[in-house]
Structure formats: C-alpha cells, structure tokens
Amino acid sequence: MVKYSYNDVADWFLVEGKGKISPKKLQKLVYYAYAWVLTLLNDSSEELNIRLFDDAKFEAWVHGPVLRDLYAEYASYGFENIEEPKEQPEFVEDIQDILEQVWEVYGNYSADQLESMTHQEKPWRNARKDLSPLDSSSTLIDDRDIFNCYIQRVG
C-alpha cells in the first residue's frame, strides 16, 4: 500500500470547501481517519500491517488523541479556525473512500464534541489509565486498542 504522511491527511481535511476547522477538530479528524484505515484494511489486531501513515503516533493528551508534530504546526491558531488553503492531496481509491466516510460521519461535529467522543472510547482511556482529567500525558495510544475498539462497530 502507498504510504502517506499525517500532513497529507490533514491537508485533505483542510481543503477549501470543507468548512471551518480548528486545530483540535483537525486532530480528531486525522485520528478517526487513521483509526478507520487501521480497522477496515487489516484483518486482526495481531497483524496491523496497513496504516494510513507511519510518520507519527497519537498521544493521549488531555483533549484527546494528538499528533505532537501536527499540534506544533498549527498551535499558533489556538482555538481559531485554520485559514491556510491546501491543495487536494492524491490518495488511492480505498483511502479516498475512507476519508470521505470519516468526513461524512464526523465533519459536522464541533471540536469539543469530537473531543468528548474520543474521551469515551477505550483507546484514549486505556492510554491515560489512572490519570486525572487534567494531568498531562505523552503516552502513546496503542494501535491494537484502536483496532479492537473500532472493529466492534463494523457490522
């Protein structure tokens, strides 16, 4: 499978016409895209060979799953929407289809709603273990936890 970068995925969501996206919302959309590819294109949690990207791993931050480098890139926007127009990246058909499905399912939610959703899901909760809600953490979210969580939703 063709490998992409997390920036390719972020750029796909930031293309003009998708609406206003804050850095927090972008993080959650990229997370769900990663989770859906991991779940839909692998057969089991024991062999997770197909990933949307390999150049970054999600950490279990206070506000949900975060890619540290993506955070750094857009941190100057704070809670404002990202206004940088992006060119549409090219993806193979299977990936393009999954990205479109992720946008259809999650695109109309606010950043805070998406954060709340990730807080209720096992991958983020397992990575945070016994931390209080406001404790910082850089613990990586395990791909097996992601797969096992979302495979239960595939009918």
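Keep in mind it's a predicted model, so treat the numbers as computed, not measured. Numbering of residues begins at 1 and proceeds along the displayed sequence. Computation of the quantities below employed the complete heavy-atom set of this structure, encompassing side-chain atoms and omitting hydrogens, waters and symmetry-equivalent molecules.
For Phe58, the ring pair (Phe, Tyr, Trp, His ring centres under 6.0 Å) partners at least two apart in sequence or on another chain are Tyr31, Tyr34. With sequence neighbours left out, the salt bridge (charged side-chain N to carboxylate O under 4.0 Å, His left out) criterion links Glu73 to no other residue. Shown here are the side-chain hydrogen bond (donor to acceptor under 3.5 Å, both in side chains) partners of Trp61, two or more places apart in sequence or in another chain: Glu59. Residues satisfying the side-chain hydrogen bond (donor to acceptor under 3.5 Å, both in side chains) test with Asp54, not counting sequence neighbours, are Lys3. With sequence neighbours excluded, no residue satisfies salt bridge (charged side-chain N to carboxylate O under 4.0 Å, His left out) with Arg125. With sequence neighbours excluded, no residue satisfies salt bridge (charged side-chain N to carboxylate O under 4.0 Å, His left out) with Asp69. With sequence neighbours left out, the side chain to side chain contact (heavy atoms under 4.5 Å, CB included) criterion links Ala35 to Ile146, Tyr150. Taking Tyr6 as the reference, nothing meets the side-chain hydrogen bond (donor to acceptor under 3.5 Å, both in side chains) condition, with sequence neighbours excluded. Every side chain to side chain contact (heavy atoms under 4.5 Å, CB included) that Gln101 has, sequence neighbours left out, goes to Trp36, Asp97. Residues satisfying the side chain to side chain contact (heavy atoms under 4.5 Å, CB included) test with Glu47, not counting sequence neighbours, are Ser44, Asn49. By the side chain to side chain contact (heavy atoms under 4.5 Å, CB included) test, Asp112 pairs with Lys24, Ser110, Glu115, sequence neighbours left out. With sequence neighbours excluded, the residues that form a salt bridge (charged side-chain N to carboxylate O under 4.0 Å, His left out) with Asp143 are Arg51, Lys57.
Two residues are said to be in side-chain contact when any heavy atoms from C-beta on lie closer than 4.5 Å; Pro65 and Trp124 meet this criterion. Residues Leu52 and Leu38 are not in side-chain contact: their nearest non-hydrogen atoms beyond the backbone lie 4.5 Å or more apart.
Hydrophobic clustering keeps Leu140 apart from Val37 (ILVMFWY residues linked when any side-chain heavy atoms are closer than 4.5 Å, directly or through intermediates). Cluster annotation: Tyr71 is not connected to Tyr32 through the hydrophobic network of ILVMFWY side chains, with a link wherever side-chain heavy atoms come within less than 4.5 Å. With hydrophobic clusters built from ILVMFWY side chains whose heavy atoms lie under 4.5 angstrom apart, Phe79 does not share a cluster with Tyr74. Under the 4.5 Å side-chain heavy-atom criterion for grouping Ile, Leu, Val, Met, Phe, Trp and Tyr, Val9 is connected to Leu67 within one hydrophobic cluster. The cluster map of Ile, Leu, Val, Met, Phe, Trp and Tyr, joined by side-chain heavy atoms under 4.5 Å apart, puts Val66 and Tyr106 in different clusters.
Contact record, Thr118 with Gly64: OG1-CA, 3.8 Å, taken as the closest heavy-atom pair. When all heavy atoms of Ile141 and Pro123 are compared, the closest pair comes out as CG2-CB, 3.6 Å. Annotation for Val15 and Pro89: closest pair CG2-CD, 4.3 Å, computed over non-hydrogen atoms. In terms of heavy-atom proximity, Ala127 sits nearest to Thr139 at O-CG2, 3.5 Å.
Within the 3.5 Å criterion, the main-chain N or O of Asp145 finds no donor-acceptor partner in the side chain of Asn148. In this structure, Arg68 contributes its side chain and Ser138 its backbone to no donor-acceptor pair below 3.5 Å. Using a distance-only test at 3.5 Å, with no hydrogens or angles considered, no donor-acceptor pair links the side chain of Gln96 to the main chain of Glu90.
Annotation: Glu80, atom CD; neighbour count of heavy atoms from other residues, nucleotides and ligands within 6.0 Å does not exceed 12.
Between Tyr4 and the options Phe53, Phe91, Trp12, a ring pair (Phe, Tyr, Trp, His ring centres under 6.0 Å) holds for only Phe91.
Between the OG1 atom of Thr39 and the CD atom of Gln152 there is a distance of 10.0 Å, given to the nearest 0.5 Å. With rounding to the nearest 0.5 Å, the separation of NZ in Lys20 from CG in Asn81 is 6.0 Å. Taking CZ from Arg128 and OG from Ser137, the interatomic distance works out to 5.5 Å, rounded to the nearest 0.5 Å. Considering NZ of Lys18 and NZ of Lys25, their distance stands at 11.5 Å, rounded to 0.5 Å. For the atom pair CG (Leu26) and OH (Tyr77), the distance works out to 11.0 Å, reported to the nearest 0.5 Å. Atom-to-atom distance recorded for Leu48:CG and Asp43:CG is 10.0 Å, nearest 0.5 angstrom.
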For Tyr109 and Lys28, what are the C-alpha separation, side-chain angles and deciding distance, and is it a side chain to side chain contact (heavy atoms under 4.5 Å, CB included)?
-> CA-CA 10 Å; Tyr109 288 106; Lys28 304 315 166 245; over 6 Å; no

Are Ile21 and Leu29 close enough, and set up right, to give a side chain to side chain contact (heavy atoms under 4.5 Å, CB included), and what steps lead you there?
-> CA-CA 10 Å; Ile21 297 178; Leu29 291 170; 4.1 Å; yes

Test side chain to side chain contact (heavy atoms under 4.5 Å, CB included) applied to Leu134 and Val62, step by step = CA-CA 6 Å; Leu134 298 178; Val62 169; 4.2 Å; yes

Working for side chain to side chain contact (heavy atoms under 4.5 Å, CB included), residues Ile95 and Leu41 = CA-CA 9 Å; Ile95 301 299; Leu41 299 183; 3.8 Å; yes

